Chemist: 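The following block contains the structure, expressed as structure tokens.
Source: prediction; values computed, not measured. Throughout, residue positions are numbered sequentially from 1 according to the sequence presented. Side-chain atoms are counted along with the backbone in the values below, which use heavy atoms only and exclude waters and symmetry mates.
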Amino acid sequence: MRVQLPIVGVDGAAHHGGRAALTCRFRCGDACFHEVPNTSANPYVGDVVAGALSRRTVMRAAAVVTAAAAVGASATVAAPQASAAGGHRGDRGARGLRFAPVAPNTADTVTIPDGYAQNVVIRWGEPILRGAPAFDPDRQTAEAQAKQFGYNNDFLALLPLPGEPHRQILVANHEYTDEVLMFRGYDPENPTRQQVEVAWAAHGLSAVVVEEDRRSGKLTPVPRHPLNRRVTATTEFRVTGPAAGSELLRTSADRTGTKVLGTLNNCSGGVTPWGTTLHGEENFNQYFAHATRATDKRYGLGSGATERKWERFDRRFDVAQEPNEPHRFGWVVELDPYDPASAPRKRTALGRFKHEGATVRLTDDGRPVVYSGDDERFDYFYKFVGSKRMRRGSSRAVREHNLSLLDEGTLYVARLSGDSPAIEIDGTGKLPADGEFDGGGEWIPLATATAHGAVSHVEGMSAEEVFVFTRLAGDKVGATKMDRPEDIEPNPHTGKVYVALTNNSNRGVGSNPRPDEANPRVANKHGQILELTEHRNRADSERFAWSLFLVAGDPDDPATYFAGFPKDQVSPISCPDNVAFDPHGNLWISTDGNALGHHDGLFGVATRGDRRGELKQFLTMPKGAETCGPLVQDRRVLVSVQHPGEIDGATAEKPLSAWPDGPGRLNRPAVVAVWRADGRDIGI
């Protein structure tokens with residue numbers, strides 16, 4: 001969401017140059033140009049970043065630091081190609097991160113380390129269901145798109161496929177459509193019904209079986225496999241949990257409040273221990289026109305027409321005609337990839353807000369805990385603690401039981417506090433007297449859902465209101481205002497929870513909330529990552545400790561911090577977005593909106609041991625693209641290359657990137673696999 005001049009934005013910190021206008025228009029509905037939705041007076045966790053420095057780190061920082069980046073090899077993705085071999089051999093680093101880091105760059109390709117190879121796994125429009133035609137952008141129909149891989153893939157999951165060796169199920173989100181880049185001759189003021197219906201079919205989810213090459217990490221799709229599936233903006237969903245059947249969810253098309261057509265703006269997600277996938281509905285507000293209520297404004301809905309003009313073709317996107325339709329979006333969706341006939345479910349017990357994603361950890365006694373961030377300036381992050389235990393096994397009864405786990409439990413929101421006097425937190429990066437930025441926090445209960453009903457813990461709000469208007473519940477209980485909390489993921493090796501805070505250029509600017517000890521810098525354009533430790537490392541605890549793990553930016557900037565690791569030995573990073581863990585417990589970070597003038601990329605960082613904080617860039621994106629996914633296995637890294645060529649002035653007739661199929665061809669979002677050319681494990 002960028003424009004030519006720097007602007008303040010909810011979507012990407014570095015709103016300058018290149019992608020700005022197109023990304024803003026089509027991904028979040030120009031949210032960066034709108035007022036901050038959170039106008040509550042509760043405390044804001046600001047941006048005193050350099051404060052995360054310990055006294056030991058201050059001593060280290062005396063030397064001038066430089067960005068460590070070896071020249072990475074550039075490999076086209078039209079076909080698998082290996083870079084010059086041997087660049088990773090003997091390279092020092094944490095286990096899993098022993099590769100020569102890729103240099104920051106602006107190349108129009110997916111740039112990977114020496115000794116690695118890559119291939120495009122699947123592109124927008126490739127056939128995956130029976131009867132799907134070959135992709136033809138000039139003859140695209142909704143019927144064809146509903147059988148083809150969707151647009152702007154984001155979250156990725158790979159699930160095992162018992163009985164079919166060397167095959168897995170790839171599940172992908174399709175966050176949003178960019179009609180200017182999809183359709184030749186597109187008129188933004190007068191879209192056609194066919195264009196709108198193709199866009200509906202390009203949203204949603206894809207499940208497609210993929211087969212791996214035994215000699216490499218290359219993946220190829222298996223078209224027409226019986227488990228392949230498309231979920232679109234018109235697929236029927238079940239609404240489950242405490243808000244199911246609520247009057248707030250009833251419309252003229254569904255007077256029961258239990259069925260919804262479609263899912264929109266699916267960003268990140270997670271995989272459950274019982275074998276399903278979770279998908280977060282994020283910037284759903286942009287699809288709805290003519291909203292006037294205060295509750296709509298708190299969720300960022302506009303009072304005028306929408307960018308895509310969908311309200312002209314279906315009344316449900318016009319809030320004046322269907323006031324409850326927006327309440328049916330902004331949920332976490334659960335999909336069973338092993339049952340393509342099953343209806344996906346919207347889990348209302350997890351609350352309604354702009355879910356970046358949802359990741360799961362089990363309590364000691366086997367109950368699910370789901371972490372989720374609300375991707376908005378000055379909004380909150382949450383967790384849900386289930387009340388029912390997961391069962392082991394694969395019988396139908398076990399599966400049905402596990403598919404009910406996210407309907408009963410308690411929803412919490414986070415409140416953080418620092419351990420330094422407020423007067424010492426001035427937003428300049430000056431270290432407080434105790435030598436570091438850290439503190440404690442509490443999970444504040446909002447509502448509890450049971451099999452017999454739901455109870456609100458928020459004064460003045462019913463349980464239904466808490467689950468449907470979760471942002472307002474967070475306002476009322478004084479949750480901590482954060483800098484765009486996006487992906488939140490627990491480390492499966494340590495239990496520590498990592499929160500990606502992408503940026504917030506509005507913090508401390510004008511009348512906006514000032515910094516405090518937990519969130520970084522005034523006019524924070526690079527973002528940071530918080531590390532949370534639940535009390536006694538119990539996922540169901542109501543208390544936690546926190547500290548700044550990583551403060552993003554150029555290592556030459558004294559305000560940056562890399563968990564105490566020497567800054568002359570790390571890669572520069574800006575705007576952390578999605579996170580994942582590799583088999584060794586390293587944190588992998590994808591970026592969105594690099595404010596350092598380089599393309600977005602994927603980075604790995606050690607979270608423990610004597611190399612804790614060692615951060616290396618693994619790959620970079622083509623022009624205009626954002627790094628999404630990511631997924632790191634023993635022998636393979638998967639990323640989504642989202643919105644390639646999304647640059648101001650670009651159109652379907654005049655693409656400004658040649659990725660992935662060469663000059664003059666339509667830019668197509670795609671999934672890319674990367675592996676070591678010698679067939680060994682990643683980073684070993």
Chemist: Does any N or O in the side chain of N152 come within less than 3.5 Å of the main-chain N or O of Y176, such that one atom is a donor and the other an acceptor?
Modeler: yes

Chemist: Report the distance from atom CG of D108 to atom CG of N105, rounding to the nearest 0.5 Å.
Modeler: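 That separation rounds to 10.5 Å.
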
Chemist: Using the ring-ring contact (aromatic ring centres under 6.0 Å, His included) criterion, which residues pair with W546? Sequence neighbours excluded.
Modeler: none

Chemist: State which residues pass side chain to side chain contact (heavy atoms under 4.5 Å, CB included) with S372; sequence neighbours excluded, sorted by chain then number.
Modeler: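 Result, side chain to side chain contact (heavy atoms under 4.5 Å, CB included) vs S372: F353, H355.
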
Chemist: Check each of E282, E486, E376, E175 against K354 using the salt bridge (Lys or Arg N to Asp or Glu O under 4.0 Å) test, and report the only one that passes.
Modeler: E376

Chemist: Just wondering, do Q528 and N503 contact through their side chains at under 4.5 Å, heavy atoms?
Modeler: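 When only atoms from C-beta onward are counted, Q528 and N503 do not touch, as no gap falls below 4.5 Å.
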
Chemist: Could you list the residues that satisfy side chain to side chain donor-acceptor pair (under 3.5 Å) with N38, not counting sequence neighbours?
Modeler: S40, Y380

Chemist: Run the numbers on D178 and Y151 for side chain to side chain donor-acceptor pair (under 3.5 Å), then give the verdict.
Modeler: CA-CA 9 Å; D178 189 333; Y151 195 80; 5.2 Å; no

Chemist: Identify the residue among I589, D592, V605 that makes a side chain to side chain contact (heavy atoms under 4.5 Å, CB included) with P576.
Modeler: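 Of the listed options, the one satisfying the test is I589.
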
Chemist: Donor-acceptor pair, distance only, cut-off 3.5 Å: does the side chain of S574 make one with the backbone of N594?
Modeler: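 Pair absent, no side-chain N/O of S574 close to backbone of N594.
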
Chemist: Side-chain contact, heavy-atom cut-off 4.5 Å: R471 with P37?
Modeler: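 Answer yes - side chains close enough.
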
Chemist: Side chains of V333 and L278: closer than 4.5 Å at any heavy-atom pair?
Modeler: no

Chemist: What pairs with P421 under side chain to side chain contact (heavy atoms under 4.5 Å, CB included), at least two apart in sequence or on another chain?
Modeler: I423, E424

Chemist: If we count only N and O atoms by modelled type, under 3.5 Å, do the side chains of T627 and D600 hold a donor and an acceptor together?
Modeler: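 D600 and T627 do not have a side-chain donor-acceptor pair below 3.5 Å.
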
Chemist: Between R352 and Y299, does the side-chain contact (heavy atoms from CB on, under 4.5 Å) criterion hold? Intermediate values first, please.
Modeler: CA-CA 10 Å; R352 174 176 166 266; Y299 279 83; 3.6 Å; yes

Chemist: Does any donor atom in the side chain of D577 or T502 lie under 3.5 Å from an acceptor atom in the other side chain?
Modeler: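 Note: D577 and T502 side chains miss the donor-acceptor criterion.
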
Chemist: What do the steps show when you test F99 against F618 for ring pair (Phe, Tyr, Trp, His ring centres under 6.0 Å), and what is the final call?
Modeler: CA-CA 8 Å; F99 53 83; F618 183 76; 5.1 Å; yes

Chemist: Looking only at heavy atoms, which two atoms of A479 and V413 are closest? And how far apart?
Modeler: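 Answer, listing the atom of A479 first, then V413: CB-CG2, 3.5 Å.
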
Chemist: Say you draw a straight line from NE2 of H643 to SG of C628; how long is it, rounded to the nearest 0.5 Å?
Modeler: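 Here the interatomic distance stands at 6.0 Å.
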
Chemist: Do the side chains of V637 and I682 get nearer than 4.5 Å, heavy atoms only?
Modeler: yes

Chemist: Taking the six-membered ring of F565, is NZ or CZ of R612 closer than 6.0 Å to its centre and within 45° of its axis?
Modeler: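 Not satisfied by the 6.0 Å and 45° rule.
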
Chemist: Where do N153 and A172 come nearest, in terms of heavy atoms and distance?
Modeler: CB-CB, 4.4 Å

Chemist: If you take all heavy atoms of V579 and A500, which pair is closest and at what distance?
Modeler: CG1-CB, 4.2 Å

Chemist: So, E614 side chain and A94 main chain: donor-acceptor pair closer than 3.5 Å or not?
Modeler: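 Indeed, once roles are kept as given, a pair shorter than 3.5 Å links the two residues.
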
Chemist: Under a 3.5 Å distance rule, please check whether K623 uses its side chain to pair with a backbone N or O of P644 as donor and acceptor.
Modeler: no

Chemist: For F284, what residues pass the ring-ring contact (aromatic ring centres under 6.0 Å, His included) criterion, not counting sequence neighbours?
Modeler: none

Chemist: Salt bridge or not between R298 and D379? Use side-chain N to carboxylate O under 4.0 Å.
Modeler: yes

Chemist: Begin with the C-alpha distance, continue with both residues' side-chain angles, and end with the deciding distance and a verdict on side-chain contact (heavy atoms from CB on, under 4.5 Å) for L501 and V499.
Modeler: CA-CA 6 Å; L501 301 163; V499 184; 4.0 Å; yes

Chemist: Please check: side-chain N/O of N667 versus main-chain N/O of L181, any donor-acceptor pairing under 3.5 Å?
Modeler: no

Chemist: Is any side-chain heavy atom of V369 less than 4.5 Å from a side-chain heavy atom of V360?
Modeler: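 No, too far: nothing below the 4.5 Å cut-off.
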
Chemist: Is S541 reaching over with its side chain to a backbone N or O of E534, donor-acceptor style, under 3.5 angstrom?
Modeler: no

Chemist: I'd like to check L587 versus F549 (side-chain heavy atoms, cut-off strictly below 4.5 Å). Are they in contact?
Modeler: yes

Chemist: Taking E442's backbone N and O only, do any of them form a donor-acceptor pair with R543's side chain (distance below 3.5 Å, no angle check)?
Modeler: no

Chemist: Rounded to the nearest 0.5 Å, what's the gap from OG on S640 to CG on D154? Could you check?
Modeler: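 Reported value, rounded in 0.5 Å steps: 6.0 Å.
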
Chemist: Please tell me if the side chains of T106 and T620 come closer than 4.5 Å, counting only heavy atoms from C-beta onward.
Modeler: no

Chemist: Restricting to side chain to side chain contact (heavy atoms under 4.5 Å, CB included), what partner residues turn up for A580, sequence neighbours left out?
Modeler: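 By the side chain to side chain contact (heavy atoms under 4.5 Å, CB included) rule, A580 matches P630.
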
Chemist: To the nearest 0.5 angstrom, please state how far the CG atom of L596 sits from the OG atom of S571.
Modeler: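 One finds 11.5 Å between CG of L596 and OG of S571.
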
Chemist: Applying side-chain contact (heavy atoms from CB on, under 4.5 Å) to T111 and L619, what does each step give before you reach the verdict?
Modeler: CA-CA 5 Å; T111 305; L619 58 75; 6.0 Å; no

Chemist: Quiz question: by atom type and distance under 3.5 Å, do the side chains of E489 and Y371 form a donor-acceptor pair?
Modeler: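 Side chains of E489 and Y371: no pair found under 3.5 Å.
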
Chemist: What residues form a side chain to side chain donor-acceptor pair (under 3.5 Å) with N537, not counting sequence neighbours?
Modeler: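 Testing N537 for side chain to side chain donor-acceptor pair (under 3.5 Å), a comparison that skips the adjacent residues, returns R361.
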
Chemist: Could you verify whether a donor N or O on one side chain and an acceptor N or O on the other, from N578 and E356, lie under 3.5 Å apart?
Modeler: yes

Chemist: With sequence neighbours left out, what residues match H599 under ring-ring contact (aromatic ring centres under 6.0 Å, His included)?
Modeler: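 Residues passing ring-ring contact (aromatic ring centres under 6.0 Å, His included) with H599: none at all.
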
Chemist: Hey, are the side chains of L416 and L530 touching, using non-hydrogen atoms and a 4.5 Å cut-off?
Modeler: yes

Chemist: Could you tell me whether a side-chain N or O of D554 sits under 3.5 Å from a main-chain N or O of D557, the two making a donor and an acceptor?
Modeler: no

Chemist: Hey, does the side chain of N491 reach the backbone of G585 with a donor-acceptor pair shorter than 3.5 angstrom?
Modeler: yes

Chemist: Got a sec, which residues hit side chain to side chain donor-acceptor pair (under 3.5 Å) with S590, two or more places apart in sequence or on another chain?
Modeler: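 Partners of S590 under the side chain to side chain donor-acceptor pair (under 3.5 Å) test: none.
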
Chemist: Looking at H174, E281, H203, which hits side-chain hydrogen bond (donor to acceptor under 3.5 Å, both in side chains) with T263?
Modeler: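 By the side-chain hydrogen bond (donor to acceptor under 3.5 Å, both in side chains) criterion, T263 pairs with just one of H174, E281, H203: E281.
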
Chemist: List the steps and the verdict of side-chain contact (heavy atoms from CB on, under 4.5 Å) for V570 and K616.
Modeler: CA-CA 6 Å; V570 300; K616 290 182 171 184; over 6 Å; no

Chemist: For F381, which residues count as a ring-ring contact (aromatic ring centres under 6.0 Å, His included) partner, sequence neighbours excluded?
Modeler: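 Partners of F381 under the ring-ring contact (aromatic ring centres under 6.0 Å, His included) test: W443.
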
Chemist: Considering residues at least two apart in sequence or located in another chain, which fulfil the side chain to side chain contact (heavy atoms under 4.5 Å, CB included) criterion with K496?
Modeler: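 K496: side chain to side chain contact (heavy atoms under 4.5 Å, CB included) contacts with T494, Y498, E531, T533.
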
Chemist: Residues two or more places apart in sequence or in another chain: which of them pass side chain to side chain donor-acceptor pair (under 3.5 Å) with H279?
Modeler: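 Scan of H279 (side chain to side chain donor-acceptor pair (under 3.5 Å), adjacent residues dropped) gives N173, T277.
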
Chemist: Short question: side chain of D582, backbone of N586 - any donor-acceptor pair under 3.5 Å?
Modeler: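 Such a contact is found between D582 side chain and N586 backbone.
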
